[in-house]
Amino acid sequence: SGVIAEIEVKEGMTLKNGQRIASLDTQELLLSHKKAVQSLAQVQSTLDKIKNGTRKEDVGIYESRASLAMTDVYAARDDLLTKISNAYTVMDNDLWGKFQSIVSMGRNTRPRLEIEIANTAAENDIIARRERLDSIMDTWSKSISSTSTNGDIVASADVALISIRSARDLYDTTGAALHTLRSDSSVITSARTVVNEIRVDIDMVLTQITDARSAFRSAEDAYRIAQDELALKKAGSEIEDIRSADALVEERKNTVLIAEDKISKATLFAPMDNMVVKKIYPKVKEVV
């Protein structure tokens, strides 16, 4: 069963034995076959490792791999923490440096809008977002301090990303308010420039943290795999494990053969040399 992809005959055509008549869409079949082949390769690799048994030199190799993988985890963690700390410095400098020319605020004091935007609702929104951001940045700072002593680095990265996105909401809101102003005074032009510069900083630190977090997670995954392989080597090869893995390999082989059989049946060929007298088939793309 499948969707017709091509029909290659007409009434009155003379066909040779083995000539293509029609074919089904095999995209999903080919994908299933690819997955089956990959799965077979994985279980075959596991079987080979089990059959190799445990040798002292093999254990040493896998211990070295696990040790190197752990070193990579520490390096990736340090890099992520550095990216988070640097991002905080950039965001804090932008907030208490550049943005002060638009919304001034002292430590533990209410913010004040330094430009006239003639929109009370927008002004109140900007002020409220700026005030909330102060406590968000404090939470971020505390998260960095606690994480530096073997805290949850991924959770710290999440706090950083939430803080940066909250800051971006403030700057986007301010940018939108500035965009509605018709004035091209030097103050407004300068304010627009400040917001644009801060947005560039935000895009940069978001990318850096996201990439560093992905690298850390990849390093953790690699370490877990190395640990599992080491444990397998240390455990040795029991006859039951070999039989179980062997059965799994045979099961995956059958899955591959079934997929290949389906693919081979997806094309209809002429069974002999003869003329097409009548063709009976549905339209292209119809399921048959």
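Positions are given from 1, in the same order as the sequence printed here. As the structure is a prediction and not an experimental result, all values here were calculated from the model. Reckoned from all heavy atoms, side chains included, excluding hydrogens, waters and symmetry mates.
- A salt bridge is absent between Asp203 and Arg199; no separation between the charged side-chain nitrogens and carboxylate oxygens falls under 4.0 Å.
- By the 6.0 Å contact criterion, CD on Glu28 is open, its count of non-hydrogen atoms from other residues, nucleotides or ligands being 12 or less.
- Between Arg217 and Glu220 there is no salt bridge, since no side-chain nitrogen of the basic residue lies less than 4.0 Å from a carboxylate oxygen of the acidic one.
- Transitive grouping of hydrophobic side chains (ILVMFWY, heavy atoms separated by less than 4.5 Å) brings Leu181 and Phe99 into a common cluster.
- Counted within 6.0 Å of CZ on Arg20, heavy atoms from surrounding residues, nucleotides or ligands total more than 12; the atom is thus considered enclosed.
- Distance CD1/Ile188 to CD/Glu116: 9.0 Å, rounded to 0.5 Å.
- Between Asp261 and Lys265 there is a salt bridge, since at least one side-chain N of the basic residue sits less than 4.0 Å from a carboxylate O of the acidic one.
- Atom CD of residue Glu229 and atom OG1 of residue Thr46 lie 9.0 Å apart, to the nearest 0.5 angstrom.
- Using a 4.5 Å heavy-atom cutoff, the side chains of Leu133 and Trp140 are not in contact.
- The number of heavy-atom neighbours closer than 6.0 Å to NZ of Lys262, taken from other residues, nucleotides and ligands shown, is 12 or below.
- Linking Ile, Leu, Val, Met, Phe, Trp and Tyr residues whenever their side-chain heavy atoms come within less than 4.5 Å leaves Leu68 and Leu230 in two separate clusters.
- Between Asn196 and Val200, every side-chain heavy-atom pair lies at or beyond the 4.5 Å cut-off.
- A cation-pi arrangement is absent between Arg77 and Tyr74 under the rule of less than 6.0 angstrom and at most 45 degrees off the ring axis.
- The shortest heavy-atom contact between Ser101 and Glu114 is O-CB, 3.4 Å.
- No donor-acceptor contact under 3.5 angstrom links the side chains of Glu250 and Asn254, judged on distance only.
- The minimum heavy-atom distance linking Ile202 with Arg168 is given by the pair CD1-CA, 3.6 Å.
- When every heavy atom of Ile209 is checked against every heavy atom of Ile84, the shortest pair comes out as CD1-CA, 4.2 Å.
- Between Val154 and Asp158 the shortest side-chain heavy-atom distance falls below 4.5 Å.
- For the residue pair Asp94 and Asp201, the shortest heavy atom distance occurs at OD2-OD2, 2.8 Å.
- Residues Ala219 and Val73 share a closest heavy-atom pair of O-CG2, 3.4 Å.
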